[in-house]
Amino acid sequence: MEDIYQPQQIEKEAQQAWSDGQVFKAVENSTREKFYCLSMFPYPSGRLHMGHVRNYTIGDVISRFQRMKGKNVLQPMGWDAFGLPAENAAMQNNVAPAAWTYANADYMRNQLKALGLAIDWDRELATCRPDYYRWEQWLFTRLFKKGLIYKKTAPVNWDPVDNTVLANEQVIDGRGWRSGALVEKRDIPMYFMRITAYAEELLSELDNLPGWPEQVKTMQRNWIGKSYGCEVHFPIEPSPLAPLPMAGEGSQKPLSPRERGWGEGDALKVYTTRPDTLMGATYVAVAAEHPLALAAALDNPEVAAFIEECKQGGTSEADMATMEKKGMPIGRFVIHPLNGEKLPVWVANYVLWGYGEGAVMAVPAHDERDFAFANKYRLPIKPVIVPESWRGKEISAMTFSESVAYESPDEAPTLGVEGESLVWLEWDERFAEHGICVKSGDYDGKDFQEAFDAISADLQEKGLGQKRTQFRLRDWGISRQRYWGCPVPIIYCPTCGDVPVPEDQLPVVLPEDVTIDIGSPLKKMPHWYQTTCPECGAAAERETDTFDTFVESSWYYARYACPDSSTSMLDNRAQYWLPVDQYIGGIEHAILHLLYARFFHKLMRDEGLTPGNEPFINLLTQGMVVAPTFLRESSDGKKHYFNPADVDVSTDDRGRPVGATLKADGQPVIIGGTEKMSKSKNNGVDPQSLIDLYGADTARLFMMFAAPPDQSLEWSDTGVEGAFRFLKRLWGRASTHINGAFAHYPNRKDLHVQDWANFPLEDSHREVRRIIHVSLKQANFDFAKHQFNTVVSGAMKILNALNDDKSFWDGAVMLKDQPERLASFQLSAAAVAFEGYSILARLLYPIAPHICHALWQNLVPGIDILEAGWPVEDESALAQDSIELVVQVNGKLRSKITVPASAGKDAIEATALQDETVGKFIEGKNPKKIILVPGKLVNIVV
RNA sequence: GCCUCGGUGGUGAAAUUGGUAGACACAAGGGACUUAAAAUCCCUCGCCCUAACCAGCGUGCCGGUUCGACUCCGGCCCGAGGCACCA
């Protein structure tokens, strides 16, 4: 074999062999245990980035590992092909989104192949192909008929200049990214999937996913947000004004008193998780879109102006939560359901329409947000809960406007005087916690649960509320006013209404040959949207909205089982392959994508299409790839970023970076933070240049070695060189032996020791073998944990062990006059080395498959490494005659002792106490206690 | 703002889950080989004191539990991911 490591040649040959032999084609075989390993499919953005390389290397490592362990492995790949960037690119470069997408996929497919991934390419799919999306249109129509899909209006970001809907990403500081116009909220009709119908199951099934990271399950639990609370009805004081007969302009129907929100006997509904604080409610707040607010706006221009103002800004929750809390009274009042007090109704921008009831009761004393709002607008603050520890203490009353604050002698909230008022100056977290009721009439002295039960029972008796569980999870709006997506299969008929497209007319094909400017081209294509009603045959129009692209990515994992099925969404091959045994993807998908995919699995299960309740048994969430940033700031404050490849970094004598200059002009640049590789920060490193320079194995090895998969990975050019050096060393050492010592045993069976117990192993080789097997045992443990960085360091230790010990081969020199002993010594050395390299090749195969494939061919000609079996440590090789123990005195490390491995408790303690250094620290005192941790340490407490 | 995760040498990290902190690497420094450079090989490498050893200090900060804490508990600071129309 070659002495020099030539990755380009090795990788080409290995990939050719895999491709010619169809080695990674997955075939259903009910007699074999299957393993479905899936990495999140890429958006075809143009080129592979480092995040992809990391994701797909992790998946490939797991796939090849399982394959070597004998599983029937499926590892597919495809394209998440619909999405916004294609439309942006289309506008920029004047190409059709379809053509752009297909070209990108073609380029990226070649890049993936160059990485040497063990993928069954026969199963490749692209979500923008009609043969794929026709089945989600089919499922949509089924769910529509089941009532799991419905239509309602919901707010979107509206750009009033471009007259178009913007994605949240396209809203920057409240303005449209192209027009710069202030964005408004606008209500438009959309289709919703009733994911809330599955909320309970999506929550409870998380407990049956032990293979998911706890972090992800916690995030999903919080997102679903099941809460136990109480619905409270506040009867509305009748309006002093007569109801107006008409709603706003253009409306044909007069609003009913209920729609106006002020009829006799109407009540304002709120939901609260803190009914125990109900006696402390001092006002109620409604969303700007609430009927009560809209009704008030008709008579009150100030309220109308405020509601207008609330329409400004984006729709994202982060926007809503960080904006300044504003509100105003609408001049209406409600009656407190228990004490009959009149409470003012406010309209507030922090109350969200469409979340719960669009109205909240405000208890400023016990809710931080209400507290800030009440202080700002001088609303009464009425404490009714004190900490449990105050029970039984003297509580003195202090007045504050119309309400009362309580002060315990030793644990008082901060009170102060401002002008003539007594003000609760600072929010005190203790008052947000559960406590005991005070100044609450009959409920005084009750704890949280007692008050919760008593108050909800009283409300129920009065018909003004009851206990209720609620979810934070909202139904999933799937309509998008965009072109490059799957058409929503609905036809609007003037007489029959919204009619789902019949199964035999599917798919509704998206026209691909279009030009894009602002807005969806579908709306300008009458020949496409004009059609006939499937029910009555009259002229009708197609829906021009498309699906959220999360819909495609919610079921692709299942379609890989049978990507060519033309008669059904899924066929019985899905029963064999599903569920996915290992799913790998970025942590950024922890909530939305993974929740939607779980939801779809249940929808498909209920259609009889998928087995089991959950799609992904094991989940690995990989961290991001980050790199340093380099920039210059121009005089107007604009930042210009430079690619790390174009920058020279100077370091001080410790290796700390102290400055950087641009290669092009030699002038200094600012060293920025280490951030996620991105186009905007220009800190991406192109994987292609890496593969071209060092080969795929180096790229893969570096990615696996630099950090454990779930942590972020810092890019390092020198780290890559280090990975390359290791592979070069591995190749060099292995070839020396294969061409040298091993060549003396043409039949490799002579080197392959079956029975080490009866093999004449030289003592100088026994220790090397022990280190190899200790490292292998650790590596196997780490492999099971998916901690590939320490698997690599284990492999490095094995190579170092095979290479370190001078006496390993040199001992032969002393024996050159004793031919029999010499032959025995040489066989002993060669057998240990042969075993060592055969372990190394198999251990590293999942991570660096090309080089290991080639090494194995030379080590064991005639047997494919995939058939060689996974290496397992030999327990008998791990044994040691004596072990080293640490001796602590009072928990501090003071000495080390060596004892026979068989030494008992008393013998170890005696040895430890006799130790000279230990004696110095005991200073003749009697040990109070001696703690012995077997195989680890002795701690002497004096 | 809310939810979640993280913070260990000059750097990436390890520590089998309460038992020797820094494995394995990278960088840096020194040396060998070389006419020279590259490549390769060998040595040193947490901080502090020291000629050296010993001792002392040390896992973001403050406090607690324990014979013993990177690991467990409470509080704080900083960073990252998500927040429902980026994927």
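Protein chains get the first letters and strands the later ones, always in sequence-line order, with residue 1 at the start of each. Since we're looking at a predicted model, the values are computed, not measured.
For Phe781(A), counting side-chain heavy atoms from C-beta on, the closest listed nucleotide (G1(B), U16(B), A27(B)) is U16(B). Checking C54(B), C24(B), A14(B) against the side-chain heavy atoms of Phe705(A) singles out C24(B) as nearest. The side chain of Thr718(A) sits closest to A27(B) out of A27(B), A87(B), C41(B). Ranking U40(B), A87(B), C24(B) by closeness to the Lys728(A) side chain, first place goes to U40(B). Of the candidates A14(B), G12(B), C86(B), the closest approach to any side-chain atom of Ala167(A) belongs to C86(B). Relative to the side chain of Gln711(A), the nucleotides C24(B), A13(B), A27(B) differ in distance, and A13(B) lies closest. Each of U20(B), A14(B), G82(B) was ranked by its minimum atom distance to the side chain of Leu937(A); first place goes to U20(B). Nearest to the side chain of Pro85(A), among G19(B), G12(B), C86(B), sits C86(B). The listed nucleotides are A13(B), C24(B), G1(B); the one nearest the side chain of Ser793(A) is C24(B).
Nucleic acid contact class of Met624(A) (heavy atoms, under 4.0 Å, all strands): sugar-phosphate only. Glu588(A) comes within 4.0 angstrom of a nucleotide base, judged by non-hydrogen atoms across all strands. No contact: Val792(A) has no heavy atom under 4.0 Å from any strand. Within 4.0 Å (heavy atoms only), Gln778(A) reaches at least one base atom of the nucleic acid. In this structure, Arg729(A) reaches the sugar-phosphate backbone alone: every heavy-atom distance under 4.0 Å involves primed, P, OP1 or OP2 atoms, never a base. At a threshold of 4.0 angstrom between heavy atoms, the contacts of Gln787(A) are confined to the sugar-phosphate backbone, with no base atom among them. In this structure, Leu84(A) reaches the sugar-phosphate backbone alone: every heavy-atom distance under 4.0 Å involves primed, P, OP1 or OP2 atoms, never a base. Residue Thr549(A) is in sugar-phosphate contact alone, with no base atom involved, counting any heavy-atom pair closer than 4.0 Å across all strands shown. Nucleic acid contact class of Leu595(A) (heavy atoms, under 4.0 Å, all strands): none. The residue Val165(A) sits close to a base: some heavy atom pair falls under 4.0 Å. Residue contacts for His593(A): at a heavy-atom cut-off of 4.0 Å it reaches no nucleic acid atom on any strand shown. Ala590(A) comes within 4.0 angstrom of no nucleic acid atom, judged by non-hydrogen atoms across all strands. Among the protein residues, Arg221(A) comes within range of no part of the nucleic acid, since none of its heavy atoms lies under 4.0 Å from any strand. Nucleic acid contact class of Pro708(A) (heavy atoms, under 4.0 Å, all strands): sugar-phosphate only.
Outside the 6.0 Å centre-distance limit, the rings of Tyr694(A) and Phe702(A) are not counted as a close aromatic pair.
Contact check, Asn800(A) against A25(B): a side-chain N or O comes under 4.0 Å of OP1 or OP2. Taking side-chain N and O atoms only, Asn168(A) has a distance below 4.0 Å to OP1 or OP2 of A84(B). Checking the phosphate oxygens (OP1, OP2) of C26(B), a side-chain nitrogen or oxygen of Arg725(A) falls inside 4.0 Å. The side chain of Arg733(A) places no N or O atom within less than 4.0 Å of a non-bridging phosphate oxygen (OP1 or OP2) of U40(B).
A donor-acceptor contact under 3.5 angstrom links the side chains of Asp782(A) and Gln778(A), judged on distance only.
Here the side chain of Asp475(A) pairs a donor or acceptor atom with the backbone of Ile195(A) at under 3.5 angstrom.
On a pure distance criterion of 3.5 Å, no polar donor-acceptor pair joins the side chain of Lys785(A) and the base of U16(B).
Residues Val933(A) and Glu721(A) both approach RNA chain B. Their nearest nucleotides, taken by heavy-atom distance, put Val933(A) toward the 5′ side. Looking at which nucleotide of RNA chain B each of Pro42(A) and Lys896(A) is closest to, the 5′-most match is held by Lys896(A).
Scanning for side chain to side chain donor-acceptor pair (under 3.5 Å) contacts around Glu368(A) gives an empty result, with sequence neighbours left out. Applying the side chain to side chain donor-acceptor pair (under 3.5 Å) test to Tyr557(A) and every residue at least two apart in sequence or in another chain returns His601(A). Residues passing the side-chain contact (heavy atoms from CB on, under 4.5 Å) test with Asn890(A), sequence neighbours excluded: Val941(A), Val942(A). With sequence neighbours left out, Arg221(A) forms a side chain to side chain donor-acceptor pair (under 3.5 Å) with Asp207(A).
Nearest heavy-atom pair, Leu885(A) versus Lys936(A), reported as atom, atom and distance to 0.1 Å: CD2-N, 3.5 Å. Nearest heavy atoms, Met703(A) versus Trp715(A): CE-CZ3, 4.0 Å.
Put simply, CZ on Phe192(A) and NZ on Lys152(A) are 4.5 Å apart, with the number rounded to the nearest 0.5 Å.
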Summarise how protein sits on nucleotides 62-70 of chain B as a single string, 5' to 3': B when a protein heavy atom is under 4.0 Å from the base, S for sugar-phosphate-only contact, - for no contact.
-> -----BS--

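Counting heavy atoms from C-beta outward, Thr101(A) and Trp484(A) have side chains that approach closer than 4.5 Å.
Within 6.0 Å of NZ in Lys376(A) there are more than 12 heavy atoms belonging to other residues, nucleotides or ligands.
Classified by its glycosidic torsion, G9(B) falls in the syn category, the angle being within 90° of 0. Annotated as anti: U35(B), whose O4'-C1'-N torsion sits more than 90° from 0.
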Just the dot-bracket of RNA chain B, please: which string comes out with Watson-Crick or G-U pairs under 3.5 Å, [ ] for crossing, | for another strand?
-> (((((((..(((......[....))).(((((.......))))).((........))..(((((..]....))))))))))))....

